[in-house]
Amino acid sequence: MNSLQLEKLNPQQHTAVTSEAQHLLVLAGAGSGKTRVLTHRIGWLIAAGLASPYSVLAVTFTNKAAREMKGRIEELLEAPSQGLWIGTFHGLAHRLLKAHWQQAKLPQNFQVMDSDDQLRLVKRIIAEMNITDDRIQAKQVQWFIGAQKDEGRRAQYVVASGDWYQDTLKAIYTRYEEICQQSGLVDFGELLLRAHELWLNNPELLAHYKQRFTHVLVDEFQDINDIQYAWLRVLVGNELSLTIVGDDDQSIYGWRGAKVENIQGFELDFSGAQTVRLEQNYRSTANILNAANAVIANNNGRLGKDLWTDDDEGAPLRLYAGFNEQDEARYIADEMKRLIAAGTSPTEIALLYRSNAQSRVLEEALIHLQVPYRIYGGVRFYERMEIRNAVAYLRLVLNRQDDASMERIMNVPPRGIGNKTFESLRVMARDQGCSLWQAAQLALANNALAKRAANALQAFVELIEQMDSKVMGLDDLGEMIDYVNKHSGMIEYHEKEKGEKGRARVENLNELITAAQSYNSELDYDSSAELLALFISEASLDAGDAQAEEHEPSVNLMTLHSAKGLEFEYVFLAGMEENLFPHKMSIADPGGIQEERRLAYVGITRARKELTLTYAESRRLYGSETFNSLSRFVREIPDGLVNEVRLRSTVSRPANFGLQQQMAVEDSGLSIGQRVAHAMFGEGTITNAEGGGAQTRVHVAFDDGTERVLMLQYANLQPV
DNA sequence: GCTTTGGTGCTTTTT
DNA sequence: GCACCAAAGC
């Protein structure tokens, strides 16, 4: 094990890697060598004879992280990581449920349902229950069900409060569980919940895994939710050794159920845990790091860490004020072009923003200046419509009870099965308590449909049956998918589609064949049908970023959330404005602001060499002109670290552009950010202005917590 | 039964 | 200002 060079670690890293404490908490600041510590610790445990590859379980949050860790461990061990379990919570849960489907009370061929399937199912249930009240929205119901499962709560344990809204949610959730069980479908939350119940209901199984694993290691622990924590806690118990690595300052998924408090819970539940802080940063210059520290210091309830670096001061941060969002984008594109011309690789440049909607203007500027860029986090491969359709065919072939898939592709490509037919099948399925497929059989047998519809449906049923007999006879995954692509009529359909779109879809369908051919399962299977089932369900758990094709070297565009875990020499943070970042939706809530601040911290610490912050004095947002003030996060950075860039000479400001509103506001002796009093609403602060002239409206955040938009000419605001 | 028009409402995203 | 979803034409 030559690569395991412990002497190259700093003292804290060394302590963490070689700790013999049963439980270990590594608080690892940004850029402090977190992944290095984790992989080296696994290597060390094995080298020291404290663990064997077979007895180590490593958990991450993304497949990408799991792949990377696996690769790095294999490098360290200089051998394939055989027997070692590395995966995401969901991937591991899936693996367990596949292996122990009987104990988990699931059909052997159960499939994983992604959030799109889930939403469709929720919509179907809402329609089926004849709920028309618009207080019930499918998205919200979906969110509710997810949140319940993340907290380990099944429908029967949701409190029946007597409140109509709550009780309706409970009823939908109940029905949702029923249908999932009947169709053999498991959503993301369900994977975790079932895996947890698997431990609880099968002591002998739990004992088996407690015997097998000696060491459990978890990365990005700040992102863990309640059900994941519970699963882990039952497995580790008092017997196993647990190492967790995380950074409470980088917890940015609270809105999705992640609970930082679980780090504190760890210290309580696993008593005697050793804590190691990694505070030396090897990534950024001192200026960048100091800026990050200054910003995050405004949060409270932190576990506390002080990042420091040996590195030089480096260049000061730059702050650019564009007069509008186009100007902001142009500045960024210009600067990127300059960096690339000076020899910087585009791959070392990143442009980060709070929300995806911001990317368009930025992209336009990059295109204009011919800066090659790559945008992360669009629609992922397995979420593309055509791919999901192809997969739905395969799923239906494997399992006729899979209503979600049946619903999806019954009329794709269009084959004359319309809404009416659909509706009668749904009603029938519901009344009989059977699947859509069985309802179709029934309808055909009873001549319950109009002739045209019956013919179309008959053809569809035969198509699926025929696929079944043909496809199951093949033993190559690629050939199976090829067959379905061709005979479903999808290829033909998309070929006829006009424009670039159709061509891309056909390409994607072919790419799916390639992906299937290179698929290797870690799990056992007895037949090609089982292999196909494994491929499909793992596809649902896969963002498909492994196949991300390499284009020419490009600059990287992504949201702040997707940037976590990455680093670049040059980072641009665009849209540093109140209402945008921190986002409007989070401003009212102190917890929300703190999470936004952690997001700012993540953004700043992505930069190695230079960080540029930009904002726009005026911005078209939702169609109307808005004037946001500089983000509080920029104001939290000490002055000495930031250089303000003003390049007004290169871009001439349209004489009259966007000024009317400000003038109208200023004419009345007021300005944005000013404290004012209103006769009825009391005192508050002007946060924004829109419109112009007599139509000028001002946004005022009143001290009672309400925000109001008032017509300036009638509001009679008095400066305080 | 599929395609075009109008109304709404607006983070962040992995699995 | 655009994208997405639901109701009315071909």
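Convention: sequence-line order gives letters A, B, ...; per-chain numbering from 1. Nothing here was measured: the structure is a model prediction, and the numbers come from that model.
- Across the C1' atoms, C:dA6 and B:dT11 are found 24 Å apart, a figure rounded to whole Å.
- Comparing B:dT13 with C:dC4, their P atoms sit 15 Å apart, to the nearest whole Å.
- Atom-to-atom, NZ of A:Lys420 to P of B:dC2 comes out at 14 Å; the value is rounded to the nearest Å.
- Minimum atom distance to the side chain of A:Arg452 is reached by B:dG1, of the listed B:dT11, B:dG1, B:dT12.
- The side chain of A:Ser355 sits closest to B:dT12 out of B:dT12, B:dT15, C:dC2.
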Determine whether A:Asp248 and A:Gln222 satisfy the following criterion, side chain to side chain donor-acceptor pair (under 3.5 Å), listing intermediate values before the conclusion. CA-CA 6 Å; A:Asp248 55 320; A:Gln222 75 281 353; over 6 Å; no

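- Shown here, C:dG9 forms a base pair with B:dC2; the pair counts as Watson-Crick or G-U wobble because both key distances fall under 3.5 Å.
- Per the stacking criterion (ring centres < 5.5 Å, plane angle < 30°), A:His583 stacks onto the base of B:dT11.
- Taking only side-chain nitrogens and oxygens, A:Ser562 comes nearer than 4.0 Å to OP1 or OP2 of B:dT13.
- By the rule that a glycosidic angle within 90° of 0 means syn, B:dT11 counts as syn.
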Report the C-alpha separation of A:Glu177 and A:Gln181 in whole Å, then their side-chain angles, then the decisive distance to 0.1 Å, and conclude whether the side chain to side chain donor-acceptor pair (under 3.5 Å) test is met. CA-CA 6 Å; A:Glu177 280 189 328; A:Gln181 185 64 34; over 6 Å; no

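- A cation-pi arrangement is present between A:Lys98 and A:Phe110 under the rule of less than 6.0 angstrom and at most 45 degrees off the ring axis.
- Remark: C1' of B:dT15 and CG of A:Leu192 are 8 Å apart, rounded to the nearest angstrom.
- Rounded to an integer number of Å, the gap from A:Asp589 CG to B:dT11 C1' is 14 Å.
- Computed from coordinates, the A:Lys139 NZ to B:dG9 P distance equals 13 Å when rounded to whole Å.
- Computed from coordinates, the A:Tyr601 OH to B:dT12 P distance equals 24 Å when rounded to whole Å.
- We find that CG of A:Leu119 is positioned 12 Å from C1' of C:dC4, with the value rounded to whole Å.
- Look at A:Tyr253 and the base of B:dT12; the rings do not stack under the cut-offs of 5.5 Å between centres and 30° between planes.
- Backbone-only contact: A:Phe61 has heavy atoms under 4.0 Å from sugar-phosphate atoms and none from a base.
- Distance A:Gln142 CD to B:dT13 P: 16 Å, rounded to the nearest Å.
- Distances were taken from every side-chain heavy atom of A:His561 (C-beta onward) to each of C:dC2, B:dT15, B:dT12; the shortest belongs to B:dT12.
- Among the protein residues, A:Glu595 comes within range of no part of the nucleic acid, since none of its heavy atoms lies under 4.0 Å from any strand.
- As judged by a 4.0 angstrom heavy-atom cut-off over every strand, A:Asn411 is placed among residues touching the sugar-phosphate backbone only.
- When Watson-Crick and G-U wobble pairs are counted only if both distances are under 3.5 Å, C:dA3 pairs with B:dT8.
- Within the nucleic acid shown, A:Asn356 comes within 4.0 Å of sugar-phosphate atoms alone, with no base atom in reach, counting heavy atoms only.
- When the C1' atom is compared between B:dT14 and C:dA3, the two are found 23 Å apart, to the nearest whole Å.
- Within a 6.0 Å sphere centred on CH2 of A:Trp101, other residues, nucleotides and ligands contribute more than 12 heavy atoms.
- Within the 4.5 Å cutoff, no side-chain heavy atoms of A:Ile126 are placed close to those of A:Gln137.
- Residues A:Thr421 and A:Glu383 each lie close to DNA chain B; by heavy-atom proximity, the contact nearer the 5' end of the strand is made by A:Thr421.
- Here A:Arg354 lies in heavy-atom contact (under 4.0 Å) with a base.
- In the model, A:Ser618 has a side-chain atom that pairs as donor or acceptor with a side-chain atom of A:Glu625 under 3.5 Å.
- Annotation: cation-pi pair A:Arg256/A:Tyr253 present, NZ/CZ under 6.0 Å from the ring centroid and within 45° of its normal.
- Between the CD atom of A:Glu363 and the P atom of C:dC2 there is a distance of 14 Å, given to the nearest Å.
- One cannot find a donor-acceptor pair under 3.5 Å joining the base of B:dT12 and the side-chain atoms of A:Arg256.
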